[in-house]
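Presented below is the structure to which this report refers.
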Amino acid sequence: MQQKRNIQIIEWEDLDKRKFYSFGVFMTMSIRATVYPATLIRTRLQVQKGKSLYNGTFDAFFKILRSEGVRGLYRGFMVNTFTLISGQAYITTYELVRKYVSKYSNDNTIKSLVAGGSASLVAQSITVPIDVVSQQLMMQGQGEHLTRFQIKPRVEGGKAKITFGQTRDIIAQIFAADGFRGFYRGYVASLLTYIPNSAVWWPFYHLYAEQLSKMAPSDCPHLILQAMAGPLAAATASTVTNPMDVVRARVQVEGRTSVIETLKQLIVEEGFWGMTKGLSARIISSTPTAIVMVVGYETLKKLSLRPELVDSRHW
């Protein structure tokens with residue numbers, strides 16, 4: 001097991017893979033359910049023109065809650081749960097690439113940078129079609145006028161009634177308009193957003209954990225230091241990659257084809273501040289996500305340790 005100062009890192013070969021994947025699915029599902037409302041709010045803020053719909057994160061939250069109820073904050077959630085597949089692909093790729101890179105370098109920053117970027121590349125190839133559909137569903141309700149596709153509600157007694165089959169309806173509309181390529185709209189923008197985000201997050205996570213370990217008392221539990229390092233790394237990565245995240249959301253929701261033209265139009269219409277749209281919602285969602293993810297992921301790895309290694313980890 002590799003030691004980085006006094007923070008021990010559990011590597012791939014230390015894990016019982018059966019436990020790792022079983023616990024991992026439950027952990028990922030719990031995290032997604034917790035932060036999904038913030039993801040929906042971020043998407044609507046990024047797609048709106050100026051402040052045409054919402055004045056900010058909290059304004060959006062209360063308006064959606066009043067107008068659409070709690071269900072409105074979870075539009076598209078069931079479709080989004082399919083990203084559990086990409087989540088497991090991400091974790092597996094990250095750990096395997098770390099193991100491979102360790103043959104050539106023991107530098108933890110290099111291993112984290114390469115593994116994080118590679119994991120994001122694999123995960124986004126699975127995630128983008130799911131995102132395209134779930135984001136269209138997120139925009140229904142108050143944001144439906146901002147997207148090309150609208151669900152056709154069934155009307156009974158003069159009132160629109162929510163029906164099943166909304167996902168099928170959106171998928172059919174996307175395919176009719178754009179064909180199979182429509183499900184990969186924004187793929188390049190997603191790669192340009194999430195590969196740097198992942199590549200930045202992991203090195204900063206380990207860096208912050210190491211720096212905190214030097215300042216903390218020697219008997220301070222490592223899990224506390226890691227739980228503090230996670231949100232710091234998430235805020236750093238979110239700030240660096242938010243401009244491209246705004247572009248990605250607009251390309252996927254509005255049906256644009258050019259990342260560069262979308263970025264230019266964003267700057268022309270809304271200036272520098274347009275590139276910060278949804279940043280507060282992203283940081284707000286990423287902070288608890290990072291804490292839960294780090295605590296969950298490190299706990300997951302601890303629980304998945306091979307029996308003979310359980311007592312070797314300072315917890």
Side-chain angles (χ1 to χ4, degrees), residues 28-49 52-54 57 60-87 123-155 159-187 189-190 193-194 245-256 262 277-278 281-282 284-285 289:
T28 304
M29 186 66 179
S30 300
I31 292 173
R32 293 192 185 284
T34 302
V35 305
Y36 190 81
T39 303
L40 180 143
I41 290 170
R42 183 190 79 201
T43 299
R44 291 195 183 183
L45 288 172
Q46 290 176 335
V47 173
Q48 72 173 358
K49 304 296 185 183
S52 59
L53 194 57
Y54 307 115
T57 300
F61 175 78
F62 289 115
K63 281 183 177 177
I64 294 170
L65 202 57
R66 282 197 302 268
S67 176
E68 304 174 48
V70 174
R71 291 182 64 175
L73 294 168
Y74 280 89
R75 289 183 182 273
F77 177 69
M78 293 308 296
V79 175
N80 194 261
T81 59
F82 284 99
T83 56
L84 285 171
I85 301 169
S86 64
Q124 285 306 304
S125 297
I126 302 170
T127 298
V128 168
I130 301 170
D131 271 350
V132 168
V133 176
S134 66
Q135 284 180 336
Q136 294 294 341
L137 291 167
M138 287 179 190
M139 297 304 296
Q140 303 306 309
Q142 290 180 328
E144 64 182 9
H145 64 285
L146 299 173
T147 179
R148 294 186 300 158
F149 308 114
Q150 286 86 39
I151 295 169
K152 301 172 181 61
R154 188 175 67 193
V155 178
K159 291 184 178 180
K161 186 177 180 180
I162 296 176
T163 61
F164 293 103
Q166 295 179 353
T167 300
R168 185 174 64 248
D169 188 9
I170 289 293
I171 290 174
Q173 289 184 56
I174 293 172
F175 187 77
D178 302 323
F180 181 76
R181 291 181 60 184
F183 297 100
Y184 273 90
R185 186 177 294 280
Y187 179 62
S190 291
T193 300
Y194 290 110
D245 194 39
V246 177
V247 172
R248 176 196 60 81
R250 293 199 171 190
V251 167
Q252 291 180 334
V253 173
E254 296 178 356
R256 298 173 180 270
T262 303
K277 293 171 77 71
R282 197 173 176 203
I284 288 170
S285 67
T289 302

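Excluded from the calculations below are hydrogen atoms, water molecules and symmetry mates; all remaining heavy atoms, backbone and side chain alike, are included.
- The two residues Ser134 and Asn80 make their nearest non-hydrogen contact at OG-ND2, 3.7 Å.
- Closest of all the heavy-atom pairs between Val47 and Ala249 is CG2-O, 4.0 Å.
- Judged as a salt bridge (Lys or Arg N to Asp or Glu O under 4.0 Å), and not counting sequence neighbours, the contacts of Asp245 are Arg42, Arg248, Arg282.
- Every residue two or more places apart in sequence or in another chain that forms a side chain to side chain contact (heavy atoms under 4.5 Å, CB included) with Gln150 is listed here: Gln140, Glu144, Thr147.
- Looking at heavy atoms from C-beta onward, Lys277 lies in side-chain contact with Arg250 at the 4.5 angstrom threshold.
- The backbone N or O of Tyr54 lies less than 3.5 Å from a partner atom in the side chain of Gln48, making a donor-acceptor pair.
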### Task
Just do the side chain to side chain contact (heavy atoms under 4.5 Å, CB included) check on Thr81 and Arg32 with the steps written out, would you?
CA-CA 8 Å; Thr81 59; Arg32 293 192 185 284; over 6 Å; no

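- By the side chain to side chain contact (heavy atoms under 4.5 Å, CB included) test, Leu73 is found to be paired with Pro37, Ile41, Phe61, Ile64, Leu65, residues two or more places apart in sequence or in another chain being considered.
- Every pair passing salt bridge (charged side-chain N to carboxylate O under 4.0 Å, His left out) that includes a residue from residues 173-184 is listed here, sequence neighbours excluded: Arg148-Asp178, Asp178-Arg185.
- Judged purely by atom type and a 3.5 angstrom limit, Ser67 has no side-chain atom pairing as donor or acceptor with the backbone of Lys63.
- Shown here for Gly72 and Arg44, the closest heavy-atom pair between the two residues is O-NH2, 4.4 Å.
- Under the rule for a ring-ring contact (aromatic ring centres under 6.0 Å, His included), the partners of Tyr36 that lie at least two apart in sequence or sit in another chain are Tyr74, Phe77.
- For the residue pair Leu45 and Ala281, the shortest heavy atom distance occurs at CD1-CB, 4.2 Å.
- Between Gln136 and Val253, the closest heavy-atom pair is NE2-O, 3.4 Å.
- Ile170 contributes atom CD1, which lies 8.0 Å from atom OG1 of Thr167 (distance to the nearest 0.5 angstrom).
- Rounded to the nearest 0.5 angstrom, Asp131 CG and Thr39 OG1 are separated by 9.5 Å.
- Ser190 and Gln252 get closest at one heavy-atom pair: OG-NE2, 3.3 Å.
- Every residue two or more places apart in sequence or in another chain that forms a side chain to side chain contact (heavy atoms under 4.5 Å, CB included) with Tyr184 is listed here: Val128, Pro129, Phe180, Tyr187.
- No donor-acceptor pair closer than 3.5 Å links the side chain of Arg75 to the backbone N or O of Met139.
- To the nearest 0.5 Å, atom CD of residue Gln124 and atom CD1 of residue Ile130 are 10.0 Å apart.
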